[in-house]
Amino acid sequence: MASSLVSTSPRAPAFPRTSLPASASSPAGGRWIDHWLDSLREIEALRAAHPMMDAVIEEVDGRMIRVGDRWLADFASCNYLGFDLEPEIIAAVPAFLEQWGTHPSWSRLLGSPVLYERIEERLTELLGCEDSLVLPTITHIHNSVIPVLAASGTIFLDARAHKTIYDGCQIARSRGAAVRRFRFEDPDHLDALLAAERDRARLVCMDGVNSMTGNAPDLRAFAAVARRHGALLYVDDAHGFGVIGERAPEEPCPYGVRGNSVVRHFGESYDDIILVGGFSKAYSSLLAFIACPTEVKNLLKVAAPPYLYSGPSPVASLATVLAGFDVNERRGEQLRGVLHRHSARVLRALAELDVHTPNCSELPIIEIPLRDHERIDEVGRLLFERGVYVTLAAYPLVPKAEVGFRVQLTAANTDAEVDLLVGVLRELAELGELQSAAATRALEAA
Ligand SMILES: Cc1ncc(COP(=O)(O)O)c(C=O)c1O
């Protein structure tokens, strides 16, 4: 394997020694910041020196972005439906600004513009749930709602759940909940833990479509286990909402239709399931939701701090959600068709090249681990130099065996951009930088 794939600029020193005031010393005498710099050494070195980390994007043109003097095809965007660039949605915003100003400023309990009511009505209809509540972000929701739902009971946490779910569970623990972890994608392990648990107050927290593997969990199996043991199932489908949805006889692609998320995709009811999702990915807006019974919604209005204490989403975001519902209704299936076509094409190319990816769903999140985790810097530079912008997945954010990069497709990517991506993936495969799919399968079978 080539030791240097591309021209590399000299690395910036990993940890420039800024002088910290004496008060920055820890009680043990060292500087408090050294603990963090040590434990995050690899990711910080990458952040400080890599053109694809902490990059400043100076201009966009469709799904092309400019970083410094280089134009790159963007495969790190979560705007799956391309609503960020959708002329009809952009055109809808000024009328809302004229009527409401730029920012309502009230927290929702103090004054809730009727736009929220309209959003919740349309969302509830789309999801087919009893009711829904919107708050600015999923992070707000996890941090405030998980502690309320868990109270002093026991949380069963998916071991590979998103960091923001972990954080919500940490807060719940600090308020008296216990937390047990079950193995990723393993309903039998969850079943065993629930069967052994004496605490009757149980909450199961997990992801819907996983933000790294790009696969949906077997929601039917998890829902059945949770219900059998009297647990409430809390699912974060940040990446599924807008992309996957209910199944239909005439569906244009395997994502299903309407983009109404993982619960409907699996034909599940909302009985004992709380669905959380966001508009900040497929809908390109700053807003998030909880699908729940009205009784729970009313409780959260007084028990979940962001409803009273956090600032609201900007009016432009409320406007783009409402306009996004219209576009989803009229053209969503066509956009999901394009998204699926791009995703399937990249996955086909990886299969032909014998390159491993955990994605077996054809959803638009494609993680590509490296053969050698220490090559992340060089591989990232090659991608950058070839004009391909991706999300680097570095240690310790992911285990060493999964260090690599994540590609995300959107309906706004062009065929030419996908051609470019496939060409660079071929180059990396030929250089021996990527893991072999056949070897991974053999290892898993052994
Ligand atoms: C699975 C998942 N949950 C939650 C979040 C955070 O969402 P928000 O930005 O709405 O807080 C993300 C963001 O990347 C995510 O991938």
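Predicted model, so just to flag it, every value in this text is computed and none were measured. Read the numbers this way: they start at 1 and go in the same order the structure lists the ligands and their atoms.
- The residue from I119, V134, T320, L287 that alone fulfils the side-chain contact (heavy atoms from CB on, under 4.5 Å) condition with S313 is L287.
- Residue contact check: T137 has heavy atoms under 4.0 Å from atoms 8 (P), 10 (O), 11 (O) of ligand 1.
- The N/O atoms of H162, backbone and side chain alike, include one that comes under 3.5 Å of an N/O atom in ligand 1.
- Taking the ring axis of Y116 as reference, the NZ or CZ atom of R108 stays within 45° of it and closer than 6.0 Å to the ring centre.
- For ligand 1, the atoms closer than 4.0 angstrom to any heavy atom of H239 are 1 (C), 15 (C), 16 (O).
- Ion pairing between a basic and an acidic side chain is recognised when a charged N comes within 4.0 Å of a carboxylate O; R406 and E367 show no such pairing.
- Contacts between A238 and ligand 1 below 4.0 angstrom, taking non-hydrogen atoms only, involve the side chain exclusively.
- With ligand atoms numbered from 1 in the order given, ligand 1 contributes 1 (C), 2 (C), 3 (N), 4 (C) to contacts under 4.0 Å with heavy atoms of D236.
- At a 4.0 Å heavy-atom cut-off, ligand 1 touches I138 through backbone and side chain alike.
- The nearest heavy-atom contact from the protein to atom 9 (O) of ligand 1 is S280 OG, 4.1 Å.
- In summary, R336 and E333 engage in a salt bridge, as defined by a charged side-chain N under 4.0 Å from a carboxylate O.
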Evaluate the ring pair (Phe, Tyr, Trp, His ring centres under 6.0 Å) criterion for residues Y255 and Y80: first the C-alpha distance (whole Å), next the side-chain angles of each, then the deciding distance (0.1 Å), finally the verdict. CA-CA 13 Å; Y255 296 168; Y80 300 119; 9.5 Å; no
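- Both the backbone and the side chain of T139 come within 4.0 Å of ligand 1, judged by heavy-atom distances.
- A salt bridge does not link R122 to E117: none of the charged nitrogens lies less than 4.0 Å from a carboxylate oxygen.
- Taking a 4.0 Å cut-off on heavy atoms, K281 registers as neighbouring ligand 1.
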In sequence, state the C-alpha distance, the side-chain angles, and the governing distance for F279 and F241, and then conclude on ring pair (Phe, Tyr, Trp, His ring centres under 6.0 Å). CA-CA 8 Å; F279 293 90; F241 177 66; 5.3 Å; yes
